[in-house]
Number of protein chains: 2
Amino acid sequence: MNGSTPTPARTTRQRTEVTALLQEVNDFLTAQQLHGLLRERGAKVGLTTVYRTLQRMVETGEVDATRTPDGEQLFRQCSRSRHHHHLVCRMCGRTVEIEGPAMERWTEKVADQHGYTDIAHTLEIFGTCSACAR
Amino acid sequence: MNGSTPTPARTTRQRTEVTALLQEVNDFLTAQQLHGLLRERGAKVGLTTVYRTLQRMVETGEVDATRTPDGEQLFRQCSRSRHHHHLVCRMCGRTVEIEGPAMERWTEKVADQHGYTDIAHTLEIFGTCSACAR
DNA sequence: ATGAACACGATAATCGTTTTCATTTAGGAG
DNA sequence: CTCCTAAATGAAAACGATTATCGTGTTCAT
Ligand SMILES: [Mn+2]
Ligand SMILES: [Mn+2]
Ligand SMILES: [Zn+2]
Ligand SMILES: [Zn+2]
């Protein structure tokens, strides 16, 4: 009874299993890696559904997506829903969520000064975590 | 008398034309866009060669490469060799080179605070330039 | 001028991701 | 609970950017 349909979002076995896996895994993984893990644990979920579910969760903001240097997409369920970035260990993938209000303002300012609108940005910090450093 | 083979780098008509185009165009463009521009001006260069040439120039440092949010590669011959970032129009590729010393220091600090070493980062700002906004 | 190494490019192959579409399922109405 | 239908699934095919092949053409040191 409404003019616009927001988002149906039905609870299916597949979505439940994808969500559960993302809950456990705390690193950035590709859709195919996640699909592989699901199969390992016996969950029967099609790769297509994994992609679709991840895509939906990214749109919802439940999941964060980034890309490897090769351009492959990586997904991760982040703890905070607010806009943030990541500090990632290039060895083990251990990730720390970070925020930088000052930096955010700076990007807006710079883009605006040059007449750019509809601004977006990507920032990733890579390093070697203390555990991997030894 | 060297253990490693640096790079032959022969001068061919194709490489000359790709280099010339990169000189003129001061924006981030995809390999296919560059290839299209070459064909427009009558230069007969294969797409494969455009890709190969760009890849080589990226390795040499002559060309900067980044990716669109869609994961597509963008290439550009930058004016400054010093570390910098880009403000890119997602429509036409018009690019502004930017520096952010404060932001640079911030990334170092954050990474250090979390015990990460050997720090590196990527930052790209995307927007719609004033010309494409209309 | 020669020729071996290098480069070109049409074509096929990769490979991550998306689209198709026939079939199944969730979940609200009755 | 039963029905109905829009939503979801997934096997298969399509897509699209990039890379690998490999026979042919070019460069450049000798
Ligand atoms: Mn940000
Ligand atoms: Mn920087
Ligand atoms: Zn690590
Ligand atoms: Zn533009």
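These numbers come from a predicted model, not from an experiment. A, B, ... follow the sequence lines: proteins, then strands. Residue 1 opens every chain.
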Could you tell me the separation between the [atom1] atom of [X] and the [atom2] atom of [N], rounded to a whole number of Å?
X: Gln55(B); N: dA7(C); atom1: CD; atom2: C1'; value: 14 Å
X: Tyr51(B); N: dG16(D); atom1: OH; atom2: C1'; value: 9 Å
X: Arg56(A); N: dT18(C); atom1: CZ; atom2: P; value: 14 Å
X: His35(B); N: dG16(D); atom1: NE2; atom2: P; value: 17 Å
X: Gln32(B); N: dC15(D); atom1: CD; atom2: P; value: 16 Å
X: Gln73(A); N: dA17(D); atom1: CD; atom2: P; value: 15 Å
X: Glu72(A); N: dC15(C); atom1: CD; atom2: C1'; value: 9 Å
X: Glu17(A); N: dT9(D); atom1: CD; atom2: P; value: 11 Å

Query raised in the report: Can you check whether His86(A) and His121(B) have ring centres sitting under 6.0 Å from each other?
Result: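 Not close enough - the centres of the two rings lie 6.0 Å or further apart.
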**Report entry** Distance-minimising heavy-atom pair for Arg94(A) and Ser130(A)
**Finding:**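 Heavy-atom minimum between the residues: NH1-OG, 3.8 Å.
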Requested in this report: Count the heavy atoms of every other residue, nucleotide or ligand shown that sit under 6.0 Å from CZ of Arg39(B), and state whether that count exceeds 12.
Outcome: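 Counting neighbours around CZ of Arg39(B), 12 or fewer heavy atoms of other residues, nucleotides or ligands fall under 6.0 Å, so no.
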Query raised in the report: Less than 3.5 Å between a donor and an acceptor, one on the side chain of Arg52(B) and one on the base of dG9(C), is that the case here?
Result: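 Present.
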Query raised in the report: Under the 3.5 Å rule, do the base of dA5(C) and the side chain of Arg10(B) count as making a donor-acceptor pair?
Result: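 For Arg10(B), whose side chain was compared with the base of dA5(C), there is a donor-acceptor pair (under 3.5 Å).
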Query raised in the report: Which part of the nucleic acid does Thr30(A) contact within heavy-atom distance under 4.0 Å: base, sugar-phosphate only, or nothing?
Result: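 Contact class for Thr30(A): none.
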**Report entry** Residue whose closest nucleotide on DNA chain D lies nearer the 5' end, Gly71(B) versus Thr49(A)
**Finding:**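 So the residue in question is Thr49(A).
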Requested in this report: For Arg13(B) and for Lys44(A), locate the closest nucleotide of DNA chain D by heavy-atom distance; then report the residue assigned to the nucleotide nearer the 5' terminus.
Outcome: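 The residue whose closest nucleotide sits nearer the 5' end is Lys44(A).
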Query raised in the report: Looking at side-chain heavy atoms only, is the closest gap between Val63(B) and Arg76(B) below 4.5 Å?
Result: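 Side chain of Val63(B) against side chain of Arg76(B), heavy atoms only: no contact under 4.5 Å found.
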Query raised in the report: Does a nitrogen or oxygen in the side chain of Thr12(A) sit under 4.0 Å from OP1 or OP2 of dT9(D)?
Result: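 Checking dT9(D) against Thr12(A), a side-chain N or O does come within under 4.0 Å of OP1 or OP2.
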Report task. For dT9(D), take OP1 and OP2 only and decide whether either is under 4.0 Å from a side-chain N or O of Arg15(A). Result ->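 Yes, Arg15(A) has a side-chain N/O under 4.0 Å of OP1/OP2 on dT9(D).
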Query - Phe28(A) reachable from Leu87(A) in the ILVMFWY side-chain graph, under 4.5 Å edges - result: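 No, because Leu87(A) and Phe28(A) fall into different hydrophobic clusters, even though each may have its own neighbours under 4.5 Å.
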